[in-house]
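Read the structure below first, then the notes.
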Amino acid sequence: MAHSPAQTPLESRSSGPLVGTVRVPGDKSISHRALILGALAVGESRISGLLEGEDVLNTAKSMQALGATVARTGDFAWVVQGVGVAGFRQPTTPLDFGNSGTGCRLVMGAVAGCPIAAVFDGDASLRSRPMRRVLDPLALMGAKVIADGAGGRLPLTLLGARDPLPIEYRTPVASAQIKSAVLLAGLAAPGQTTVIEQEASRDHTELMLKHFGADIVTTVEGVHGRRITLTGQPELHGAQVMVPADPSSAAFPLVAALIVAGSDLVLFDVMANPLRTGLVTTLREMGAAIEETESRGDAGEPMAQLRVRASKLRGVEVPPERAPSMIDEYLVLAVAAAFAEGATVMRGLRELRVKESDRLEATAAMLRVNGVRVEISGDDLIVEGRGHVPGGGLVATHMDHRIAMSALVMGLAADKPVKVDDTAFIATSFPDFIPMMRRLGAEFS
Ligand code: S3P
């Protein structure tokens, strides 16, 4: 397990304007995928801008344990020598994914197509999260779980299939992790593996598979859904990947700049894949001054430069079909909603209950302890914005990086300081968060 029990609390207080230009770290989803596809390709892959957070570093270690060569050649620059599709060797030690559901579930998919046994484990948060959602389709493809914790949870041993079967699979929830696990297992199967999703989830796996040379086709399914078909047993070739800045990390300075009076911030190279931009769409509906000043792209992933200025926000209703495009951003959106005038109603948030923590309950608790009126109604979260937040509360982070960062952002504009009990987990996704925010003018002590 990655963390010692010692907690590192921090307090955030009302700050002067946040001003500057920053690039937040590389996108976590793309960083995991670049390492995994680099390991499944033949030859060398060069990755720049990799997120060097604990989650991604655990995926790098797992790729090494499975036989790939993974080396750091400079700041955020990594080289992977792959073993080829289905070429993983049996690891001699358990694969420890720490706090990361993405790393764990995607690697389960990649292992499921290889005739090896691997032990998967993680920290207390990851051990509490559901894995059947991924193990069920992988079992249809021929993989077996030969030992498991209660209810299919970690730690478990996965026995990959010698001759994996291609399947057509309809995901029960909009989840890029389930989709990606099936596609990664499908790489080793003959014929076509198809995933159908009722609501489109982030498509980084599909875009990157194409970039590495796979034959993968996506068509529209229903109103918001997609059908993705991968032709198995391709020869993936090593590729160059430039990882754009993570919009889910950019969300924290972005919301901070909106709520701290006088702020004017530029965030550059932010990934602008339309399946990740729900937060910016919603904040604009709330009245946020967010300007997109430059756009470019790399390997199918668009990027934008965002200029954000402090804004008066108003409550809005966020429709359930927008959830997959901003699933990791509801915590910090709830903070913005608390500073808005009027109620913000966020619908269809059931999936938040199975993230690094139960984020529906944790968001409500974070706001309540700081004097904000909030209600959970079924799968919906309703925040009563009153234009200001009393603050003064101690927030429990529950081993969840995004709770810690959201609460610290809230404290920057609250009437009284906001304290978080533990900042250690911020290192899983945004190791530079505290110094970067301080450089912009945030007062943390
Ligand atoms: C991710 C997918 C999302 C998201 C997670 C990263 C990915 O999870 O919450 O932080 O990289 O595929 P689900 O696919 O389970 O919704």
Side-chain angles (χ1 to χ4, degrees), residues 25-37 50-51 53-56 58-59 97-110 122 125-126 128-137 169 171-184 195 197-209 224 226 228 241 243-244 246-252 271 273 275-279 301 320-333 348-360 362-363 379 399-403 405-406 425-426 428-430:
D27 184 70
K28 185 146 68 76
S29 295
I30 292 190
S31 295
H32 285 299
R33 286 158 172 82
L35 290 167
I36 296 168
L37 288 189
L50 190 87
L51 166 62
E54 287 173 2
D55 281 8
V56 173
N58 282 326
T59 292
F97 292 93
N99 197 246
S100 177
T102 308
C104 180
R105 293 182 176 128
L106 267 56
V107 176
M108 282 178 172
S125 158
L126 191 56
S128 73
R129 297 179 66 184
M131 293 297 155
R132 286 240 162 93
R133 50 177 52 202
V134 166
L135 298 171
D136 286 349
Y169 192 70
T171 55
V173 288
S175 163
Q177 295 180 1
I178 303 175
K179 171 177 64 180
S180 302
V182 173
L183 292 173
L184 291 171
V195 180
E197 38 183 17
Q198 207 178 328
E199 305 272 348
S201 65
R202 62 190 71 189
D203 59 357
H204 309 305
T205 302
E206 297 92 304
L207 293 171
M208 206 181 288
L209 276 168
H224 303 291
R226 295 199 169 176
I228 302 115
V241 179
V243 184
D246 193 329
S248 300
S249 296
F252 299 104
M271 191 236 285
N273 180 316
L275 294 170
R276 295 285 298 280
T277 51
L279 176 72
E301 296 286 2
E321 62 274 12
R322 197 177 289 166
S325 70
M326 54 180 297
I327 194 66
D328 294 334
E329 280 72 80
Y330 282 100
L331 275 154
V332 78
L333 174 64
L349 306 189
R350 182 194 295 248
E351 275 297 294
L352 289 194
R353 292 201 182 272
V354 291
K355 295 296 177 187
E356 286 83 330
S357 66
D358 177 343
R359 286 188 177 159
L360 206 46
T363 307
D379 295 335
M399 304 178 80
D400 189 328
H401 53 135
R402 299 198 202 280
I403 296 176
M405 289 186 278
S406 299
F425 286 84
I426 293 174
T428 62
S429 71
F430 197 160

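One is the number of the first residue; the rest follow in order along the sequence. Counting starts at 1 for both ligands and their atoms, in listed order.
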Contact check, H204 vs ligand 1, heavy-atom distance below 4.0 Å: no
Enumerate the atoms of ligand 1 whose separation from the nearest heavy atom of T102 is less than 4.0 angstrom. 1 (C), 5 (C), 6 (C), 7 (C), 11 (O)
Compute whether any side-chain donor of one residue and acceptor of the other, for H204 and S29, lie under 3.5 angstrom apart. no
Side chains of S201 and K179: any donor to acceptor distance under 3.5 Å? yes
When you compare the side chain of [Y] with that of [X], does any pair of heavy atoms fall below 4.5 Å?
X    : Y    : value
R129 : V354 : no
E54  : N99  : no
I426 : M405 : yes
L352 : I327 : yes

Partners meeting side-chain contact (heavy atoms from CB on, under 4.5 Å) with S128 (sequence neighbours left out): none
For S100, all residues meeting side-chain contact (heavy atoms from CB on, under 4.5 Å), sequence neighbours excluded: H32, D55, T102
Identify the closest protein heavy atom to [atom]: which residue and atom is it, and at what distance?
atom                    : value
atom 12 (O) of ligand 1 : R33 NH2, 2.7 Å
atom 8 (O) of ligand 1  : K355 NZ, 3.0 Å
atom 10 (O) of ligand 1 : D328 OD2, 2.7 Å
atom 11 (O) of ligand 1 : S29 OG, 2.7 Å

Any N/O pair [X]/ligand 1 closer than 3.5 Å:
X    : result
A176 : yes
S180 : no
S175 : yes
R105 : no

Does ligand 1 have a heavy atom under 4.0 Å from the side chain of K179, from its backbone, from both, or from neither? neither
Pick one of side chain, backbone, both or neither for how H32 approaches ligand 1, counting any non-hydrogen atom pair under 4.0 Å. neither
